[in-house]
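This report refers to the structure that appears directly beneath it.
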Amino acid sequence: MPGLYARVLLLMVLLAPLGRRCGAQVFEPGYLVLGRGDTLRGEVENAFWTDPPKAVRFRPAATAPVVSYRAVQLRAVQLASGRLLRRELLPIDYSASKNPNQMFYGLVIRQRPDSLLADVLVEGPATLLSVVWGQVQHFFVRREQQPYLEMTERRYLDNNGGVVSLRDGNNYQGQLGLYFGDCAAAVAATNQAKFTATDLIGVVQTYNQQCSAVRQPGRRIEVEAPKASRVKLQVGPLLGVRYTSMRLRAAGAPGLEAQTLAGQQLDGRLHLQPGLYFDLLDGGRRLAAHTALYAYRVGRQVEVAAPDGSAQWRGTLDWRATAAVWQVGLRGLLPVGPHYTLLAGAGAEIAQYWAQAARLRYGTGTATTRLATGGVAVLTEQPFQLGFARTKMPYLEVGIRRQRLTALLTGRIYGKQHYYDPLVVAALQNPAGQVYSLGHSYTARTLSAALVLSYQLNRDTDQRK
């Protein structure tokens, strides 16, 4: 079981970057320029994109239906917070990487033209664009009558006499020095520039002011700090009803005495499930690391038939407990319309059981033994195994969220549990003249499902003031 939780945590780490590539259901004033030239003004979903968006969601007014436009249908996207995305044909090298598992031996450049919605940082005689792809930063600069120049983070492997080392292949200063070689001020600024948006903006603006034909700075696109955190914590109470089915089935053939526990349902009822949840959403608001603590009761007291069919030895199985559960997993979120978000998730659970009763007894008197079939004496009472069998199967959940309220349906199938009842005689053994009895064996597979409502207590940091 510890291996399962390790795999869940590893999955969370591997999938976390995906959240940054997706959008959030946060609308703000803005406009779209369609490929045919039409301008649509209204509200644009600010998805806090890192990689270029594949689609952009738009509505003409707060109460209007949401329409999704594919990136290939758009020329530009402008947000009131200042971000401007413009579709450009750029010479991008998708093979550039900082991941040692994806690096080449030697410096390899594989540019190919592709049409992308890129962030505009400076617009003027010299223009500067930004694209992040797979967590690798690309900048593109273009001056009058010149093609775009790509500068990108990249590393490569160098094998020197059998010693493999990492090399930095980002020669942005040399590239800019050649590109702005006829502008001494821009070259001087390049020599001092780091590979950051701020420093490269400074280089481009130096050229625009001192060497371009108009001798004026270009328009710098100022972007307000987003109201959404890069990550966002949601916390709140949850309350639900849980149904657990645990039915015993005979694991062997009929014996000398009846299989009294066969078909017994040890729960089969609804129980309240209070708890507390925590969701840590990535910047894209489409993936959340989820954890929750909740408790519920399981079990019931059931009447058991007598092993020998008599009224005297009718029994009871009292199997009741309180379960406290720690849940950890991943949740995916998909906005649907302007108000709702679909949610689906999976993960692992660790449960602790506190017994209220876990006992099997035959007979209602004070006798501690009974004379069973075959003339052997057997006990009339013993503890009964408590808890659900471990399983590698995750819990699954699906639901819908509106603002702070979430409704979820969650369920899990547990492993097969084995039980043994030595109080009933299934067979007799007679080794060396000493008679003793064997009891009946049973199995059960527990199914558990819950309908849960949760409410977010903390403030929604994505909402603009």
Side-chain angles (χ1 to χ4, degrees), residues 17-24 28 30-59 66-99 102 108-154 169-170 172 175-176 179 195 197 200-201 204 218-221 223 283-284 286:
L18 296 178
R20 291 194 292 269
R21 302 183 186 182
C22 305
E28 64 178 72
Y31 65 82
L32 306 180
V33 180
L34 303 183
R36 59 179 180 265
D38 297 340
T39 299
L40 304 180
R41 299 186 181 276
E43 293 188 345
V44 179
E45 182 188 45
N46 186 347
F48 309 103
W49 303 281
T50 302
D51 287 12
K54 295 293 191 302
V56 178
R57 285 154 46 89
F58 171 85
R59 62 190 182 194
V66 176
V67 179
S68 182
Y69 291 91
R70 292 179 294 120
V72 295
Q73 298 176 280
L74 302 173
R75 287 187 186 178
V77 179
Q78 174 77 66
L79 300 173
S81 55
R83 192 169 184 180
L84 172 61
L85 298 166
R86 192 167 65 205
R87 189 168 192 80
E88 294 283 349
L89 184 64
L90 301 171
I92 187 167
D93 184 358
Y94 287 117
S95 68
S97 178
K98 300 182 293 182
N99 185 343
Q102 299 174 345
V108 177
I109 299 175
R110 295 178 176 175
Q111 287 181 330
R112 67 178 178 87
D114 199 2
S115 183
L116 301 170
L117 282 174
D119 275 281
V120 181
L121 304 182
V122 176
E123 190 172 39
T127 295
L128 181 65
L129 307 180
S130 170
V131 171
V132 176
W133 185 268
Q135 302 182 27
V136 174
Q137 175 69 64
H138 302 252
F139 289 108
F140 299 87
V141 62
R142 184 180 65 181
R143 54 182 286 191
E144 310 101 314
Q145 310 304 318
Q146 295 291 327
Y148 274 110
L149 169 72
E150 180 196 32
M151 302 166 287
T152 182
E153 298 175 301
R154 72 169 76 245
N170 182 9
Y172 69 97
Q175 290 177 282
L176 283 175
Y179 197 72
F195 193 70
L200 295 183
I201 287 172
V204 170
R219 180 169 74 98
R220 179 172 176 177
I221 310 302
V223 181
R286 292 276 178 89

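Side chains included, hydrogens not; waters and symmetry mates left out as well; all remaining heavy atoms used.
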inquiry  = Do D119 and W49 make a side-chain contact, defined as non-hydrogen atoms from C-beta onward lying under 4.5 Å apart?
reply    = no
ask   = side chain to side chain contact (heavy atoms under 4.5 Å, CB included) with S95: which residues, sequence neighbours excluded?
value = D93, F104, R110
message = Among residues at least two apart in sequence or on other chains, which ones pass salt bridge (Lys or Arg N to Asp or Glu O under 4.0 Å) with E43?
response = R59
request  = Not counting sequence neighbours, which residues clear side-chain hydrogen bond (donor to acceptor under 3.5 Å, both in side chains) with E153? List them please.
outcome  = none
request  = Sequence neighbours left out, what passes side-chain hydrogen bond (donor to acceptor under 3.5 Å, both in side chains) with Y31? Give chain and number order.
outcome  = none
key: Set of residues satisfying side chain to side chain contact (heavy atoms under 4.5 Å, CB included) with respect to A197, sequence neighbours excluded   = L121, F139
remark   = Here the salt bridge (Lys or Arg N to Asp or Glu O under 4.0 Å) pairs for residues 122-136, sequence neighbours left out, are R86-E123, E123-R219
request  = Could you pull out all residues at least two apart from R87 that satisfy salt bridge (Lys or Arg N to Asp or Glu O under 4.0 Å)?
outcome  = none
task = Can you sort out the partners of T127 under side-chain hydrogen bond (donor to acceptor under 3.5 Å, both in side chains), two or more places apart, ordered by chain and number?
result = none
request  = Write down the atom of Q175, the atom of E150, and the distance for their closest heavy-atom approach.
outcome  = NE2-O, 2.9 Å
query = Residues in salt bridge (Lys or Arg N to Asp or Glu O under 4.0 Å) with R36, at least two apart?
reply = D38
ask   = Is any side-chain heavy atom of L90 less than 4.5 Å from a side-chain heavy atom of L129?
value = yes
Run the side-chain donor-acceptor check on residues 70-77: report pairs under 3.5 Å with partners two or more places apart or on a different chain.
residue : atom : partner : partner atom : Å
Q73     : OE1  : R70     : N            : 2.8
R75     : NE   : G35     : O            : 2.9
R75     : NH2  : G35     : O            : 3.0

query = With R142, which residues qualify under side-chain hydrogen bond (donor to acceptor under 3.5 Å, both in side chains), at least two apart?
reply = none
request  = Nearest 0.5 Å please: distance from the CD1 atom of I221 over to the CG atom of L79.
outcome  = 11.5 Å
inquiry  = Could you check whether any side-chain heavy atom of Y148 comes within less than 4.5 Å of a side-chain heavy atom of E88, counting everything from C-beta outward?
reply    = yes
ask   = Looking only at heavy atoms, which two atoms of S115 and L89 are closest? And how far apart?
value = N-CD1, 3.9 Å
remark   = Contacts of K54 meeting salt bridge (Lys or Arg N to Asp or Glu O under 4.0 Å) (sequence neighbours excluded), chain-then-number -> none
task = Measure the OG1-CD distance between T50 and Q137 for me, rounded to the nearest 0.5 Å.
result = 10.0 Å
ask   = Do W133 and T152 come within less than 4.5 Å of each other through their side chains, counting heavy atoms only?
value = no
query = Quick one: are E45 and V66 in side-chain contact, heavy atoms under 4.5 Å?
reply = no
ask   = Nearest 0.5 Å, what's the CG-CG distance between L40 and L34?
value = 4.5 Å
